[in-house]
Amino acid sequence: MSTEVHTTAVVYDGARVGTGVSIGPCAVVGEHVEIGDNCVLDAHAIVTGRTTMGPGNHVFSQSVIGGPPQDLKYDGEETVLEIGARNIFREGVTINAGTVLGGGKTVIGDDCMLMTHCHVAHDCVVDSEVVLANNVMLAGHVTVHRGAVISGGAGIHHFTTVGEYAYIGGLTRITNDVPPFMIIEGHPARIRGVNVIGLKRMGMSSEAISAIKDAFKLLFRSDHPVRESCNHLQEEYRAVPEVLRLIAFMRATESGRLGRQNESPDRRFSQKNRDPKK
């Protein structure tokens, strides 16, 4: 399948565009951009900066992908945006490149859906299969782990980590880490329960879900200190990897500052430590 570029589109010299790509009217591809095979850029979509995009992505109209970070410390350094495969970026989505202090890159995984007018700020790491509903706002240095769902209008404070398969309710203001597998919503935000529907959809066993429910009760519905609860859960559920991942997450958050594991001095600006695949 050949690449189709509309006569009004602008593809700068130096841009690398794969096969089977469709670039619509008035779309713009910057000179340092790499577009993978079978991507679609709708009318007026902009992919700029030093952006690398894998195969099968769809960028809808008016989105700006790879723009410079909105950070007063940014001084034109050559930082990047790395995007995986088969993502959907709906109308008006904005994703910024990284900053030097944040490791120099923003990362989007595979098979994500970012709905209308989402914003992903500099140095964020968004793992695969994540859904950001309309108008979700990720501040700088946010990490979102695999399979998390963030509902419309939610705002995520900088340096916050959202755990795997967590569910954040609409219009929620998140200022602390969100543990994996949990539902959180409200003002102030509060952990409401286990994301049972999401866990069933991703194929988690009923035994593992039951164990996570027990962990929820001990961690979030008892008066026991987090450290004591984690020790108890590790002993009781040492054969349940999902509970062990929840324990590791809680311990990392406890070691951080202000309820955010990425705020600890040795992690704050380390992209390696913030990459959910490491």
### Task
Return the minimal non-hydrogen interatomic distance between C39 and G54, and the atom names on each side.
SG-O, 3.1 Å

### Task
Quick one: closest heavy-atom pair of M250 and C230, and the distance?
CB-SG, 3.9 Å

### Query
Counting only N and O atoms by type, is there a donor-acceptor contact under 3.5 Å from the side chain of T79 to the main-chain atoms of G98?
yes

### Task
Any chance you could lay out the salt bridge (charged side-chain N to carboxylate O under 4.0 Å, His left out) test for R245 and E164, step after step, and finish with the verdict?
CA-CA 9 Å; R245 295 203 298 274; E164 60 181 302; 2.7 Å; yes

### Co-membership, hydrophobic cluster, residues I150 and I184, 4.5 Å side-chain
yes

### Task
State, with a plain yes or no, whether a side-chain heavy atom of L258 is found less than 4.5 Å away from one of F159.
no

### Message
Please determine whether the number of non-hydrogen atoms from other residues, nucleotides or ligands lying under 6.0 Å from atom CZ of R173 exceeds 12.
### Response
no

### Task
Answer yes or no: is there a side-chain heavy-atom contact under 4.5 Å between V131 and M115?
yes

### Message
Rounded to the nearest 0.5 Å, what separates atom CD in E236 from atom CG in L218?
### Response
8.5 Å

### Query
Can you tell if the side chain of Q234 reaches within under 4.5 Å of the side chain of L244, non-hydrogen atoms only?
yes

### Task
Locate the shortest heavy-atom distance separating A148 from G163; write the atom from each residue and the value.
CB-O, 3.8 Å

### Task
Give me the one residue out of N96, T99, T94 that meets side-chain hydrogen bond (donor to acceptor under 3.5 Å, both in side chains) with Q70.
N96

### Query
Are the side chains of E254 and R227 in touch, meaning some heavy atoms are under 4.5 Å apart?
no

#### Entry: Non-hydrogen atoms of T51 and T48 that approach each other most closely
OG1-O, 2.6 Å

### Query
Any idea how F249 and H145 line up, ring-wise: parallel (<30°), tilted (30 to 60°), or perpendicular (>60°)?
perpendicular

### Message
I'd like to know if the side chain of T143 and the backbone of T161 have a donor-acceptor N/O pair within less than 3.5 Å.
### Response
no

### Query
Out of curiosity, does V149 fall in the hydrophobic cluster containing L114 (side-chain heavy atoms, cut-off under 4.5 Å, transitive links)?
no

### Task
Report the distance from atom CZ of R90 to atom OG1 of T116, rounding to the nearest 0.5 Å.
5.5 Å

### Task
Apply side-chain contact (heavy atoms from CB on, under 4.5 Å) to I212 and V243, showing your working.
CA-CA 6 Å; I212 290 172; V243 173; 4.2 Å; yes

### Task
Could you state whether V196 and Y167 fall into the same hydrophobic cluster, counting links through intermediate Ile, Leu, Val, Met, Phe, Trp or Tyr residues with side-chain heavy atoms under 4.5 angstrom apart?
no

### K73 side chain near H122 side chain, heavy-atom distance below 4.5 Å
no

#### Entry: Value rounded to 0.5 Å, distance of CZ in R86 from CG in D110
5.0 Å

### Query
In Å, rounded to the nearest 0.5 Å, how long is the span from CD1 of I23 to CG of D42?
11.5 Å

### Query
Do the side chain of H187 and the main chain of L171 share a donor and acceptor less than 3.5 angstrom apart?
yes

### Task
State which residue, out of V194, L219, V162, fulfils the side chain to side chain contact (heavy atoms under 4.5 Å, CB included) condition with M182.
V194

### Sidechain-backbone polar pair: T3 side chain, G18 backbone, donor-acceptor under 3.5 Å
yes

### Between N262 and H158: side-chain donor-acceptor atoms closer than 3.5 Å
no

### Query
Which is it for I247 and Y237 under the side-chain contact (heavy atoms from CB on, under 4.5 Å) test, yes or no, and what are the steps along the way?
CA-CA 10 Å; I247 292 168; Y237 294 107; over 6 Å; no

#### Entry: Donor-acceptor under 3.5 Å (N134 side chain, H117 main chain)
no

### Message
Checking the side chain of E77 only, and the main-chain atoms of D75 only, is there a donor and an acceptor separated by less than 3.5 Å?
### Response
yes

### Message
Quick check for you: to the nearest 0.5 Å, what is the distance between I35 atom CD1 and M53 atom CE?
### Response
4.5 Å

### Query
Hey, are the side chains of E242 and L246 touching, using non-hydrogen atoms and a 4.5 Å cut-off?
no

#### Entry: Min side-chain heavy-atom separation F89-I83 under 4.5 Å
yes

### Message
Would the distance check show the side chain of S151 and the main-chain N or O of I168 forming a donor-acceptor pair, the cut-off being under 3.5 Å?
### Response
yes

### Task
Evaluate the criterion ring-ring contact (aromatic ring centres under 6.0 Å, His included) for residue pair H58 and F60; output intermediate values, then yes/no.
CA-CA 6 Å; H58 190 166; F60 281 71; 4.0 Å; yes

### Message
For the CD1 atom of I108 and the CG atom of N87, what is their distance to the nearest 0.5 Å?
### Response
7.0 Å

### Message
Is there a path of hydrophobic side-chain contacts, each under 4.5 Å between heavy atoms, that joins I191 and L199?
### Response
yes

### P55 side chain near N38 side chain, heavy-atom distance below 4.5 Å
no

### Message
Side chains of N195 and R201 only: does a donor on one sit below 3.5 Å from an acceptor on the other?
### Response
no

### Backbone N/O of G147 and side chain of D127: donor-acceptor pair under 3.5 Å
no

### Message
Donor-acceptor check, side chain of S61 to backbone of A43, threshold 3.5 angstrom: yes or no?
### Response
yes

### Task
Without swapping roles, check the side chain of D177 against the backbone of T160 for a donor-acceptor pair under 3.5 Å.
no

### Query
Shortest non-hydrogen contact from C124 to L138?
SG-CB, 4.0 Å

### Task
Anything under 30° is parallel, anything over 60° is perpendicular, the rest tilted; go ahead and classify F220 against F216.
tilted

### Task
Would you check, one step at a time, whether the test salt bridge (charged side-chain N to carboxylate O under 4.0 Å, His left out) holds for E129 with R146?
CA-CA 6 Å; E129 301 173 14; R146 178 180 292 270; 3.2 Å; yes

### Task
Kindly determine whether Q261 and T253 satisfy side chain to side chain donor-acceptor pair (under 3.5 Å), including the steps that lead there.
CA-CA 4 Å; Q261 55 191 266; T253 296; 3.2 Å; yes

### Single-linkage hydrophobic cluster, 4.5 Å side-chain cutoff, V178 and L132 together
yes

### Task
Classify the ring geometry between Y165 and F181 as parallel (under 30°), tilted (30 to 60°) or perpendicular (over 60°).
parallel

## Note on the structure
Between N57 and G84, the two heavy atoms sitting closest are ND2-O, 2.8 Å

